[in-house]
Amino acid sequence: DVICYGLSLPLDEIEVLNTCVGLYVGWFSALSSQSQPGKYIPAIILQDRTKYSLIILNHFQNIFYPRIQGNVNLQLPLCQNVLTTIQRIPSNSKLKWACVLEFLLTICDVVLSPPFNPGDLAEHLSDHLLSVLFEIWMVACCYQFPPPMLWKALRDKCISWRHHASLVEQWNRATSALTFSVVNLINGSDFCQVKVAKEDLIIVPTELVADHLMQTWYRLLHTLGDIVHLSNAQIISQTQKFQEFNKNRDQNKINDVTPPPHPCLDKLPETFLKAIQGV
């Protein structure tokens, strides 16, 4: 509980935050692997690795909540450290992959769902967040295929993040790699002539069986909802976080003059183009 509280401190307490993150990262890495843990791991948490791994995972959420004050460049490395740790979870870990996916959906929603301004944590972290989400999702499809409830949650969340161009970029990356694999599966290896970067292809685990590969491909293709909506700022801004922003903005408008839409919506035409190119 003390470390959990420490992860929620303001950025003025950066030394405490660094210590808490470093401690938890070390413990989580040892607990989630099958290797012999070091002597610095408390004996009590070794008695139930899965239980305490999930507790640490839930506590990690606190580091992603935006701080009202402080330099975002202090928070960014802490978040990146946690994300890198999640990426390194070994495939033979006894952790429930569904719990890892729920954690990733939660922190992505915390960071990505509100309208963002230049220099915000979301602008700096969105690409890394989403790349980890899609990569870990592929791993989960390989070892513990996500239930329908999680697929629905992924789609619902992604629809509320569509004001981020990085979502479309990472979606393009994942669906291109899956499409390449599916086409070659159906028609034989080396059939697909579409060029996909090697670093993108490796996000599809070689252990992913044919049935799960096809299901993953089909479900991810529909994750963004109707692609045409990306060309309509009015539809994209109908999410709860945008409505909260618009309500607060309308309360503060001057001389009954309606202010323009949030500037993060200005890049939607470019995002729509990227989505169409991906399709």
Side-chain angles (χ1 to χ4, degrees), residues 7-12 14 17-18 21 60-87 103-137 154 156-174 199-200 203 223-225 227 229-249 259-275 277-278:
L7 293 173
S8 65
L9 290 173
L11 294 175
D12 294 341
I14 189 60
L17 285 165
N18 275 321
V21 169
F60 271 147
Q61 295 178 21
N62 287 345
I63 206 66
F64 291 88
Y65 284 96
R67 269 51 173 184
I68 298 176
Q69 296 179 337
N71 188 341
V72 70
N73 291 324
L74 296 176
Q75 186 178 6
L76 185 61
L78 301 175
C79 297
Q80 291 172 331
N81 192 1
V82 173
L83 290 174
T84 301
T85 303
I86 301 302
Q87 275 182 300
F103 163 75
L104 288 171
L105 286 174
T106 299
I107 62 173
C108 283
D109 199 50
V110 165
V111 176
L112 301 177
S113 59
F116 67 94
N117 295 306
D120 282 355
L121 180 65
E123 185 179 56
H124 292 291
L125 195 62
S126 61
D127 198 57
H128 193 180
L129 258 178
L130 290 163
S131 67
V132 173
L133 173 65
F134 283 118
E135 287 174 20
I136 295 297
W137 204 279
L154 175 65
D156 291 344
K157 296 297 185 185
C158 282
I159 286 176
S160 69
W161 307 334
R162 291 184 296 182
H163 52 292
H164 291 274
S166 52
L167 172 64
V168 171
E169 292 167 0
Q170 292 300 327
W171 177 81
N172 280 344
R173 177 177 176 237
E199 58 268 25
D200 292 344
I203 70 173
T223 298
L224 298 188
I227 298 296
H229 290 171
L230 287 168
S231 62
N232 190 325
Q234 186 175 359
I235 293 177
I236 298 301
S237 60
Q238 285 179 352
T239 65
Q240 180 182 348
K241 292 296 182 180
F242 269 98
Q243 290 175 353
E244 291 174 3
F245 167 79
N246 290 333
K247 182 179 180 180
N248 292 332
R249 182 194 61 176
H262 195 281
C264 73
L265 297 172
D266 294 342
K267 293 185 178 181
L268 281 181
E270 181 182 339
T271 303
F272 172 68
L273 176 61
K274 289 180 180 179
Q277 289 172 335

Please confirm whether the backbone N or O of [Y] pairs with a side-chain atom of [X], one donor and one acceptor, at under 3.5 Å?
X	Y	result
N71	N73	yes
R162	V168	no
S113	V110	no

Q: Show your reasoning for whether side-chain contact (heavy atoms from CB on, under 4.5 Å) applies to L76 and L125.
A: CA-CA 7 Å; L76 185 61; L125 195 62; 3.7 Å; yes
Q) Should the ring pair F103 and F60 be called parallel, tilted or perpendicular, given that the plane angle runs from 0 to 90° and is split at 30 and 60? A) tilted
Please round to the nearest 0.5 Å and tell me the distance separating atom [atom1] of [X] and atom [atom2] of [Y].
X	Y	atom1	atom2	answer
W161	L130	CH2	CG	6.5 Å
Q69	L11	CD	CG	9.5 Å
C79	I107	SG	CD1	8.0 Å
H164	L268	NE2	CG	11.0 Å
Q170	N172	CD	CG	9.5 Å
Q87	S131	CD	OG	5.5 Å

Q: Before giving the answer on side-chain contact (heavy atoms from CB on, under 4.5 Å), spell out for I236 and F272 the whole-Å C-alpha distance, their side-chain angles and the decisive distance to 0.1 Å.
A: CA-CA 11 Å; I236 298 301; F272 172 68; over 6 Å; no
Q) Looking only at heavy atoms, which two atoms of L230 and A275 are closest? And how far apart? A)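 Between these two residues, the closest heavy atoms are CD1-CB, 3.6 Å.
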Q: Only one of E244, Q238, Q243 passes side-chain hydrogen bond (donor to acceptor under 3.5 Å, both in side chains) with Q240; say which it is.
A: E244
(Q) Listing request: all salt bridge (Lys or Arg N to Asp or Glu O under 4.0 Å) pairs with a residue in residues 106-117, at least two apart in sequence or in separate chains. (A) D109-K157
(Q) The criterion is ring-ring contact (aromatic ring centres under 6.0 Å, His included); which residues satisfy it with F242, sequence neighbours excluded? (A)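 In terms of ring-ring contact (aromatic ring centres under 6.0 Å, His included), with neighbours along the sequence ignored, F242 is linked to H163.
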Q.
Can you list everything that forms a ring-ring contact (aromatic ring centres under 6.0 Å, His included) with W137? Sequence neighbours excluded, please.
A. W151
Q. Going through the checks in order, is the side-chain contact (heavy atoms from CB on, under 4.5 Å) test met by L167 and L112?
A. CA-CA 9 Å; L167 172 64; L112 301 177; over 6 Å; no
Q | Neighbour count above 12 (heavy atom, 6.0 Å) for K274 NZ | A | yes
Q | Cationic N near anionic O, under 4.0 Å, E169 to R173 | A |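 Salt bridge: no.
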(Q) Among N18, L83, L7, which residue satisfies the side chain to side chain contact (heavy atoms under 4.5 Å, CB included) criterion with L78? (A) N18
